[in-house]
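Below is one structure, written out as structure tokens, with a few remarks after it.
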There are 2 protein chains.
Amino acid sequence: MASRGPYAKGLAKRGEILDAALEEFGRRGYDRTSMREIARQTGLSQAGLLHYFSTKEELFLAVLRRRDDRATAPDEDSHIHSVKRLLDAVARNAGEPGLVRLFVSMSAESVDGDGMAHGFFVDRYRWLIHEIAGDIRAQQEAGKASTAIDAEDAASILVAVADGLQLQWLLDPDSVDMADRIAKLWSILKVAE
Amino acid sequence: MASRGPYAKGLAKRGEILDAALEEFGRRGYDRTSMREIARQTGLSQAGLLHYFSTKEELFLAVLRRRDDRATAPDEDSHIHSVKRLLDAVARNAGEPGLVRLFVSMSAESVDGDGMAHGFFVDRYRWLIHEIAGDIRAQQEAGKASTAIDAEDAASILVAVADGLQLQWLLDPDSVDMADRIAKLWSILKVAE
DNA sequence: GTCTATATTATGATAGAC
DNA sequence: GTCTATCATAATATAGAC
């Protein structure tokens, strides 16, 4: 609530930088994005930008964490992820190719162990799949979902389909209706014998 | 058959370069891989390497095409891709993280329209899904697969799961048995009501 | 076919003034 | 908090000798 205070301006600028960085990282990938370009877009010199984020990696991780928050926070009531939320997120993402690109390409790039964001993505997938598996298990126990498939397997598959479809969609947007396809899959899994 | 001739040495060297490049691109991604490093690994100077592939992009595309061949050619009888082949490829890939990494990260990196390999991956996905959809349709007509889901949808989903699971597996190899999971999915899709 | 040398252009980061 | 240098690398690609 402290919209005035010693840090007000700095915080606003930080937000502006994160917006621009999200845009650039999402559009061009980590390696091809330069600090100079992000600085330029926010009306700073490169050195000025480094006052806010003293390394490129630091800025990158801040961008990832912030996007993660968006996907989690401003939604429904529960703080738990669920199948429904995953489906919603996929549908929503069709309007934000930059975000999708960011996550698809960043998670792929972070794959090698020494990579900057490796830990971030490992944790994120573990958490996401665990949450969704919990939701599926609850639905199974309530008799609303088939027990023909293990909840953990189903969760992992749904997350995998979401990622894979996003990749197909990014490469060829007209060829895929992501939300429709993943919804069909879930409707089948839900009633499998 | 011409193991001797004016080009024999050049061709062998080309192969050696492609092997090293595949390894490096797969391990570090396109941007982080330098021509100098590939040259070093093949006992060439950077300029010497450029005699074989005059730009980095050219080398990269040669690597992609070659890997694509591998996945297609040395398999069974038919020249057509199929669900079975996709499942086999996923199982096989668990032994070749470098290859998986190459394709996951390269396809993600190629996402922007101006990217070097965009066309390659767009074509590849179209073809792959089309082939697999054809196989599924054939199974449906033979009464071996359920018609509860559209063949095109199912093919897209299976390819998406393969990609997504590979990503999960790369990030956290112990957490996923890719082949098992995708096989379970297919067994469910096959008998869906 | 392969090399050395170099041109050119970027990058991330630091030092220090204002 | 922001700037102007500048440093130190590192990259692809070219020119031209051998």
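Note that the structure is predicted; figures quoted are calculated from it, not measured. Below, chains carry the letters A, B, ... as their sequence lines are ordered, and counting in each starts from 1.
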Ring pair (Phe, Tyr, Trp, His ring centres under 6.0 Å) involving A/F25 - partner list, sequence neighbours excluded = A/Y30, A/F60

query = Does the pair A/D177/A/R181 count as a salt bridge with the N-to-O cut at 4.0 Å?
reply = no

Nearest-Å distance for atom pair CZ/C1', residues B/R40 and D/dA11 = 16 Å

List, one per line, each side-chain donor-acceptor pair under 3.5 Å for residues 161-173 of chain B, sequence neighbours excluded.
{"residue": "B/D163", "atom": "OD2", "partner": "B/Y125", "partner atom": "OH", "Å": "2.6"}
{"residue": "B/Q168", "atom": "OE1", "partner": "A/S156", "partner atom": "OG", "Å": "2.9"}
{"residue": "B/Q168", "atom": "NE2", "partner": "A/S156", "partner atom": "O", "Å": "3.1"}
{"residue": "B/D172", "atom": "OD1", "partner": "A/R126", "partner atom": "NH2", "Å": "3.4"}
{"residue": "B/D172", "atom": "OD2", "partner": "A/R126", "partner atom": "NE", "Å": "2.9"}
{"residue": "B/D172", "atom": "OD2", "partner": "A/R126", "partner atom": "NH2", "Å": "3.1"}

message = Using C1' atoms of five pairs at each end, report the bend of the helix from C/dG1-D/dC18 to C/dC18-D/dG1 rounded to 10 degrees.
response = 0°

note = Expected string for nucleotides 2-14 of chain C under the B/S/- scheme (protein heavy atoms, under 4.0 Å, primed atoms plus P, OP1, OP2 as sugar-phosphate) is BBB------BBBB

key: Working for side chain to side chain contact (heavy atoms under 4.5 Å, CB included), residues B/L86 and B/V83   = CA-CA 5 Å; B/L86 181 71; B/V83 175; 5.6 Å; no

ask   = Is the closest basic N to carboxylate O distance between B/D19 and B/R66 below 4.0 Å?
value = yes

Basic-acidic side-chain contact under 4.0 Å: A/E152, A/R137 = yes

ask   = Please, which pairs that meet ring pair (Phe, Tyr, Trp, His ring centres under 6.0 Å) have at least one residue in residues 82-110 of chain B, sequence neighbours excluded?
value = B/F103-B/F121

Euclidean distance, atom CD1 of residue B/I38 to atom P of D/dA13 [Å, nearest integer] = 12 Å

In a table with atom names and distances, give each donor-acceptor pair under 3.5 Å that connects a side chain of residues 183-193 of chain B to protein atoms at least two apart or in another chain.
{"residue": "B/K184", "atom": "NZ", "partner": "A/D153", "partner atom": "OD2", "Å": "2.7"}
{"residue": "B/K184", "atom": "NZ", "partner": "B/D180", "partner atom": "OD2", "Å": "3.2"}
{"residue": "B/S187", "atom": "OG", "partner": "B/K184", "partner atom": "O", "Å": "2.7"}

Between D/dT14 (P) and B/E58 (CD): distance, integer Å = 11 Å

